[in-house]
Every structure is written in structure tokens, then in C-alpha cells.
Amino acid sequence: MQGFIYDQPAARVIFGIGAFDRLAEEVTRLGATRVLVLATPEQRGDAAEAVRRLGGLSAGVFAEAVMHVPIETAREAREMARRLDADCCVAIGGGSTIGLGKAIALESGLPILALPTTYAGSEMTPIYGITEAGIKKTGRDRGVLPKTVIYDPALTLTLPPRIAGPSGMNAIAHCVEGLYAPDANPIISLFAAEGIRALGRSLPVVVREPGNIEARSDALYGAWLAGTVLGAVSIGIHHKLCHTLGGTFNLPHAEVHTVILPHAMAFNREAAPDAMQIVAEALGVKDAARGIYDLAVAIGAPVALKDIGMPEDGLERAAELATLNPYANPRRVEYAGVLKLLRNAYAGRLE
Ligand code: NAD
């Protein structure tokens, strides 16, 4: 075995059906008494449930979170936190809401308690992103990592299959790239393999039977593992492409991950055989990239960029941008190879 560094930015994790009821106790454990609850407008109801559980610990609600944390929204939320003299943020929602919490923490140092309701994994990472003048800037700062994460599968029962499927594929993408990252390590690889196993078996059930709490629990467990992987090691061509396509062409986040993943894996197939073997075993298939593609089809998720709003005449620009400052990747990232990958992804044709 090669030497490695294991440097896990840990959060306290409470997992279980009904764990939402422990919210007030966990806030108190953080020493907080004036909580600002964050949510999207669509999840105002979840925010109200959090307020009910917080009782006198709640100072207010900001239910204006939107995708990719526009700086204007971050400023408004920061201002509200200041005005309320908040000493903690409770973020109930997906990556967008948790991202808003991180934008507040980045400036104020306020602790975040996250209640994830999708499978995106942001709650386990020190990665933040803020969008200013159409450009999303991301960075890593341990200060934005939530201090406590409460995973209650019951909160995901309302996540519609059309969002749940791609969200789960987004989580699988974290696991796959974690397996071939230059700073991969044996512990994180165990998390990644188990994350793929859990999501691979649960996602088809989640979309078929959205009320199946066992499958919801399994998927959320996989999402926790995937988020941990993303928070611990670096990412490669897949995430770079998704950031480029999402940022420049405004494509939907989880859907882009779903479409690109099998093609990024086919691109890296020969250069990362051990990682591909682990993915194939976790899914119980022969070819890892094909297994991921088939999983997307099985859960009714998109498999072609042309179906999620990508303009065909933008493929060359995307290939240029993605090869400008490439992330470390098992196979050398060069224009011709990336353009071919993108053309295949555009058509939904896996090599
Ligand atoms: P999201 O947070 O934007 O949520 C999508 C929609 O689903 C929203 O309308 C939300 O209100 C709704 N929703 C969420 N949970 C629900 C539930 N249980 N029931 C009903 N509706 C629900 O989507 P996402 O994919 O979780 O997050 C995407 C964002 O997160 C992107 O901006 C992405 O860049 C970011 N992200 C960041 C990291 C990180 O480590 N920093 C990791 C992954 C994703």
C-alpha cells in the first residue's frame, strides 16, 4: 500500500428516522440560543417545522435561498443574521440552502446545523460557492463546514423522483471521482464504494416507490458517505466539466452530473482501472461506465445534454473552458478528447 494523508474535516452526525425532533437539543449542544432558519421558498413548510421544534431558540426565518448562492441573496441573509443577532444558522434543504448557510458562516463565523433534504452532500464539505455577476467562485474553508448534521430520511419523503434521481447520481459522482483522486486514501475509498452500493440499490426503489422509507434511508446514508468523500479528497474531469457547463450554460446542477458521469468515466476508463473495478463491483455490473449509464436510464433521469438545455454550438466553447485550468485527473485532459466526450454526452451515446 502507498502512503497517504487522512485529514477528515469531521462534523457531528445524527442519522435516523425522526432525528429532526432532536433539533433543539442539538442547537443547545452548540451553545446557541438565537437561531436563523434558512430554506428555499418551496421549503417554507420545512422551515416552519424547524421553528416549531426550536420553540424559544428560533430568532427568525430566511426562506429565500436559490440555486448557486447569488451574492445579493447572501448579503440579504447576512444582514438579517446581524439584525437578529443570530448565533447559529439552521439550514434545512438541499445544496442551495446549505450553500447559503456557508456564505453566512464565511463572513460571520456563525455555526451551521444542517438538515439535508437532498443527496447533494454539501453538508459534509468545507466547499462554498457564491455567484457574483454571473460567475460562481468556489473555495474551501473549514469554517463553513456545518458543525452538526441531522439526517432524517423522513424529510426526504417529499423529494419528488425527478429531483431525487439526479440528486442521487450527483452523490455517486462524488464517490467515483474520490476513488481516483490523486489524494485518495483507503478509508475514503471504503466510504466511496459503500456510497455507490447504497445509492445504486436504493435509487431505483426511491423513484418507483417514493414513500418507501427504507429506500429513502439507504439513499440518504449513501449521500452522507458521498458528501464525506467530496469533502475529503479532490475532484477531477467530471466535476470540472459539470462546473463549466452549469456555470457557463446555466444547466441544472444534478442533471448535468447525471448526464456527464458515465462519459467522464469512459474517458478515464483505461487510466483508472482499479477505481472502475470498485465501481463495477459496487453496482454488480461488468463495465462501470455502462452500469452508471444504465442506472440513470433505470431511474428515468436524463442521459443526454441535448435534453437538458445544452446548445450544440456551445460544445467547443465548453471543451475549451474545461481544458483551461483542468483539475488533476487520471487521464491527461486535452481539447480533442474532451470535445469527443462532450459530443457523446450531448447525444447521450456512451462509448
Ligand atoms: P437544491 O438545493 O437547489 O434543491 C432543488 C429543489 O428541490 C429546490 O426547489 C428545493 O427546495 C427542493 N427540495 C429539496 N429538498 C426537498 C424535499 N425533501 N422535498 C421537496 N422539495 C425539496 O438542489 P441540490 O441539488 O441539493 O443542490 C444544488 C446546489 O448545491 C448547487 O448550487 C451546487 O453547486 C451545490 N452543491 C454544493 C456542494 C458543496 O460541497 N459545496 C455539493 C453539492 C452541491
Side-chain angles (χ1 to χ4, degrees), residues 9 11 20 38-47 49-50 63-70 73-74 91-103 105-106 112 114-131 135-146 149-175 177-178 206 210-211 213 216-217 219-220 223-224 226-235 238-247 250-258 301:
F20 192 12
L38 307 172
T40 59
E42 301 82 39
Q43 286 183 277
R44 227 173 253 286
D46 285 337
E49 279 300 310
E64 306 296 335
V66 285
M67 187 83 93
H68 301 315
V69 195
T73 311
I92 183 160
S96 299
T97 304
I98 294 165
L100 179 62
K102 289 175 169 180
L106 187 65
I112 302 169
L115 287 143
T117 64
T118 70
Y119 309 132
S122 175
E123 66 282 354
M124 295 308 295
T125 83
I127 305 166
Y128 63 86
I130 298 176
T131 304
I135 295 171
K136 186 166 178 179
K137 291 199 186 111
T138 58
R140 279 183 183 251
D141 187 321
R142 286 212 179 188
V144 307
L145 180 76
V149 181
I150 299 179
Y151 285 104
D152 186 340
L155 281 171
T156 65
L157 285 171
T158 48
L159 190 66
R162 77 186 151 75
I163 303 182
S167 183
M169 298 300 286
N170 183 191
I172 291 179
H174 305 333
C175 296
E177 293 236 292
V206 163
I213 192 72
R216 292 283 192 178
S217 297
L220 197 59
W224 164 51
T228 306
V229 173
L230 180 66
V233 295
S234 46
I235 44 186
H238 168 79
H239 281 79
K240 174 75 184 188
L241 276 173
C242 293
H243 293 164
T244 304
L245 293 168
N250 201 24
L251 304 187
H253 175 84
E255 285 77 1
V256 175
H257 274 272
T258 308

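The figures here come from the full heavy-atom set of this structure, side chains too, leaving out hydrogens, waters and symmetry mates. Numbering of ligands and ligand atoms starts at 1, following listing order.
Within the listing of ligand 1, atoms 18 (N) sit less than 4.0 angstrom from a heavy atom of Leu155. Close approach of ligand 1 to Thr125 (heavy-atom distance below 4.0 Å) involves ligand atoms 39 (C), 40 (O), 41 (N). Listed by number with element, the atoms of ligand 1 under 4.0 Å from a non-hydrogen atom of His253 are 28 (C), 31 (C), 33 (C), 34 (O), 44 (C). Of all atoms in ligand 1, numbered sequentially from 1 with element shown, those under 4.0 Å from a heavy atom of Thr117 are 14 (C), 15 (N), 16 (C), 17 (C), 18 (N). The distance from ligand 1 to the heavy atoms of Leu230 drops below 4.0 Å at these ligand atoms: 40 (O), 42 (C). Numbered from 1 in the order shown, with element, the atoms of ligand 1 that lie under 4.0 Å from a heavy atom of Lys136 read 32 (O), 33 (C), 34 (O). Shown in contact with Ile163 at under 4.0 Å from a heavy atom are these atoms of ligand 1, numbered in order with element: 7 (O). For ligand 1, the atoms lying closer than 4.0 Å to a non-hydrogen atom of Gly94 are 2 (O), 26 (O).
Where the criterion is an N or O separation shorter than 3.5 Å, residue side chain and backbone included, Pro160 fails it with respect to ligand 1. Any N or O atom pair closer than 3.5 Å counts here, and Asn170 shares no such pair with ligand 1. Not a single N or O atom of Thr156, backbone or side chain, sits closer than 3.5 Å to an N or O atom of ligand 1. Not one N or O of His174 is nearer than 3.5 Å to an N or O of ligand 1, by distance alone. The shortest N or O to N or O distance between Ser96 and ligand 1 is under 3.5 Å.
For atom 42 (C) of ligand 1, the nearest non-hydrogen atom from the set Gly231, Gly227, Ser122 belongs to Ser122.
Residues Glu255 and Met169 form no side-chain contact, since every pair of their non-hydrogen atoms from C-beta on lies 4.5 Å or further apart. You'll find the side chain of His243 stays beyond 4.5 Å of the side chain of Thr138, heavy atoms only. The shortest side-chain heavy-atom distance between Arg216 and Leu159 falls under the 4.5 Å cut-off. Residues Ile112 and Lys102 have side chains in contact (heavy-atom distance under 4.5 Å, counting atoms from C-beta outward). With a 4.5 Å cut-off on side-chain heavy atoms, Ile130 and Leu106 count as touching. Thr73 places a side-chain heavy atom less than 4.5 Å from the side chain of Leu100. Looking at Ile92 and Leu155, their side chains come closer than 4.5 Å, going by heavy atoms from C-beta outward. A heavy-atom distance below 4.5 Å is found between the side chains of Tyr119 and Leu220.
Taking 4.0 Å as the cut-off, Lys102 counts as a neighbour of ligand 1 on heavy-atom distance.
Although no hydrogens or angles enter the test, the distance criterion places no donor-acceptor pair under 3.5 Å between the side chain of Ser96 and the main chain of Ala65.
In terms of protein heavy atoms, atom 9 (O) of ligand 1 is closest to Glu42 OE1, 2.8 Å. If you check which protein heavy atom lies closest to atom 13 (N) of ligand 1, you get Gln43 OE1, 3.4 Å. Given atom 17 (C) of ligand 1, the protein heavy atom at minimum distance is Thr158 OG1, 3.5 Å. Among all non-hydrogen protein atoms, the one lying nearest atom 43 (C) of ligand 1 is Ala120 O, 3.3 Å. Given atom 4 (O) of ligand 1, the protein heavy atom at minimum distance is Thr118 CG2, 4.3 Å. From the protein, the heavy atom lying nearest to atom 32 (O) of ligand 1 is His68 ND1, 2.9 Å. Annotation: atom 11 (O) of ligand 1 to nearest protein heavy atom, Thr40 OG1, 2.7 Å. Here the protein heavy atom with the shortest distance to atom 41 (N) of ligand 1 is Ile127 O, 2.9 Å.
The pair Arg44-Glu49 fails the salt-bridge criterion, with no side-chain N (NZ, NE, NH1 or NH2) lying under 4.0 Å from an Asp/Glu carboxylate O.
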Q: For Thr125 and His174, run side chain to side chain contact (heavy atoms under 4.5 Å, CB included): C-alpha distance rounded to whole Å, both residues' side-chain angles, the deciding distance at 0.1 Å, then the answer.
A: CA-CA 11 Å; Thr125 83; His174 305 333; over 6 Å; no
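Annotation: the span from His257 atom NE2 to Ser167 atom OG amounts to 10.0 Å, rounded to 0.5 Å. A distance of 6.0 Å separates CD in Glu177 from NE2 in His238, rounded to the nearest 0.5 Å.
Nearest approach of Gly143 to Asp141, heavy atoms of both residues: N-OD1, 2.7 Å.
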